[in-house]
Amino acid sequence: IALSANASSSKSSSSSSSSDTLVFDPDAYTKLTKTVTDTAGTKHTVVYHFWKAITYVANPVDATYQSLIVSSPVEIDGKTVDASNAPILLANSVGGYLPSSVATATEVGGGGSAMGGGAAPSGAPSSSASASASASAAAPGANGNTNATGGATSSNQLLALAAGYVVIEPGARGRTLKNSGGEYYGTAPTAIVDLKAAVRYVKSNKGRIPGDVERIVSAGTSAGGALSSLLGASGDSPIYDKYLKELGAADASDAIFATGAWCPITDLEHADGAYEWNWGGNGLSTGRTVDQTVSKALQAQFAEYQAGLKLRGLGGFGPLNARNLDEYMVEQYLEPSATTYLAAVSDSARATYLKANTFITWSGGKATFTWADFLTHVGARKKDAPAFDAFDLSAGENNEFGTGTTLARHFTAYGAKNDSTGLSSKRVPSDIPAKLDLMNPMYHLVEKVNPNRSKHWWIRLGTKDSDTSLTVAANLAARLDNLGDDVNHIYYWDEGHGANTDPGDFITWIAQVTG
Ligand code: DHB
């Protein structure tokens, strides 16, 4: 790939290829120490080599975001470890489809989206991450980033490091980035293109970079979970080639081995319908009910979509459709989730919980209840209707599909038709369908089944997460299962957006699937 003259950095000459310039320097690390508390509460001292932000493309548009950090353990609790062939946790910290940077990170777990302004998702993660870290004297200060979704993922990073894995954390451009000409340069599909470029960088440095590049396990939460699942589904898909070429991405595969996704906010073009199918009867926290004409219209669209997917449910459930999906969600996910929760707590805590939640029948060590009662239990929905393609273009996803100097655009026919901002065409712009494909894991699993997708999937979602429909993750899991992939999907009972209550199990799962 020839670099254009103005794009060459100090490291590259204008005639060299990206593969020449994107060479990882094994010696350019600093040695740090981190104390990691595992899920059982035991503290571990991890000495690791840390590589500060490395730009992963030859032609960066904005190296602040198109950079990654690497952490590789060398000593755990006084014992020397060799991570040169260990699994690699590729943990993104994207939240809200916002820009995510590791440029100033000084230690493992140092990434995060700037959840400051605009339509950033609200809400801290539920408190459940059980790994905590106390920076040792070797790495004071870190970068102080405490964004919502970073919390869930950072426990993954720390536990992975303490388990002897290599942790690589890529930044990525995001939807709010605007250049001096007023152009948005981080909207779809840039975040996924950047993550793919990061994978290509890692794989092209096989033998130089620590870890086994054939055993990359991706992780991310919410928008980061969406991107993680997209990364897993879209490995080596040619539809990203022109974007990767433009960036001077390394000449290597971008397929990954396994995928972890927490509360993925994905399948965006169908998310409005799915949301109404799930939360349509729930009011907003203000007490207001959403427009039922809109809700019903979207539900009808979803029924058509769901039927078209021709999914079979996990656990031998049979064909799924919008009429039996409630039964499926209850049987396959929600009752087992409540059961796990209630079985784990003390007898008195269980009794108290059941007394306060009489919709649950507890019998023979199992929780049972109806979908309708479950919805009442969850209560207020988080988003208005439509949840993602807002008529007034106010949703974060409208910005994600912005382009040029246009901040926000519609990406569904229904949203465009009902536009309230004075758009003349009332149609979705012509470049949108291709961008939706570029952003949707389901495209790579349904429309164009990708043989190079990852085959091992860890998917998690809180039962009280109304940032999207609970069916989005379930449909993703069902499709993967129907394709023959190894799917580990459970719901966390009563947890909200961003929850990660079993990070230790995820680390164990990585050992199992990569072993
Ligand atoms: C996130 C949350 C949302 O509600 C959404 O629509 C997109 C992203 C997030 O937390 O990343």
Side-chain angles (χ1 to χ4, degrees), residues 91-101 111-126 128-129 145-154 171-176 186-188 191-192 195 218-231 260-276 278-279 282 284-285 378 380-390 392-402 408 410-412 415 436 439-441 459-462 464-473 476 495-500:
N92 80 67
S93 294
V94 175
Y97 289 102
L98 293 165
S100 160
S101 175
S113 284
M115 306 293 258
S122 65
S126 49
S128 32
N145 195 319
T146 53
N147 85 81
T149 52
T153 29
S154 93
R173 287 169 294 166
R175 61 184 169 83
T176 51
T187 56
I192 185 60
L195 295 182
S218 165
T221 301
S222 197
L227 290 165
S228 183
S229 58
L230 180 56
L231 196 61
W262 285 257
C263 54
I265 305 284
T266 193
D267 200 7
L268 296 174
E269 62 267 47
H270 305 110
D272 288 329
Y275 197 95
E276 296 313 315
N278 194 148
W279 309 116
N282 291 40
L284 292 156
S285 59
V378 174
R381 56 187 274 166
K382 186 160 176 184
K383 298 181 174 181
D384 205 343
F388 294 90
D389 189 357
D392 64 359
L393 293 172
S394 62
E397 284 73 13
N398 292 123
N399 177 207
E400 176 61 6
F401 289 100
H410 291 295
F411 53 93
T412 67
L436 290 169
M439 293 304 293
N440 196 337
I459 305 172
R460 292 292 184 271
L461 180 58
K464 282 195 167 169
D465 187 339
S466 67
D467 276 55
T468 192
S469 170
L470 299 181
T471 63
V472 169
L476 175 64
E495 293 288 347
H497 190 57
N500 178 10

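First listed ligand is number 1; within each ligand, the first listed atom is number 1. Predicted, not measured: the structure shown is a model, and the values here were computed from it.
- Per-residue contacts place D467 under 4.0 angstrom from the following atoms of ligand 1 (heavy atoms of the residue considered): 2 (C), 3 (C), 4 (O).
- Listed for the D272 side chain is a donor-acceptor partner under 3.5 Å among the backbone atoms of A387.
- Atom numbering of ligand 1 starts at 1 in the shown order; those under 4.0 Å from a heavy atom of E397 are 5 (C), 6 (O), 7 (C).
- No donor-acceptor pair under 3.5 Å is formed between the side chain of S222 and the backbone N or O of G498.
- In this structure, the side-chain contact (heavy atoms from CB on, under 4.5 Å) partners of A385, at least two apart in sequence or on a different chain, are E276, V290, V294, R381.
- Residue-to-ligand polar distances keep G95 apart from ligand 1: every N/O pair is separated by 3.5 Å or more.
- Of the possible polar contacts, one joining the S229 side chain to the G225 backbone as a donor-acceptor pair under 3.5 Å is found.
- Each of the atoms 3 (C), 4 (O), 5 (C), 6 (O) of ligand 1 lies under 4.0 Å from some heavy atom of K383.
- Without hydrogens or angle criteria, T187 side chain to G402 main chain gives a donor-acceptor distance under 3.5 Å.
- Counting atoms of ligand 1 from 1 in the listed order, those under 4.0 Å from a heavy atom of F388 are 6 (O).
- Scored by the side-chain contact (heavy atoms from CB on, under 4.5 Å) test, T468 finds I265, A271, F388, V472 as partners (sequence neighbours excluded).
- In terms of N/O distances under 3.5 Å, ligand 1 is not approached by Y97.
- Contacts between K382 and ligand 1, counted as non-hydrogen atom pairs separated by less than 4.0 Å, are absent for every part of the residue.
- The residue among G96, A271, G224 with a heavy atom at the shortest distance from atom 8 (C) of ligand 1 is G96.
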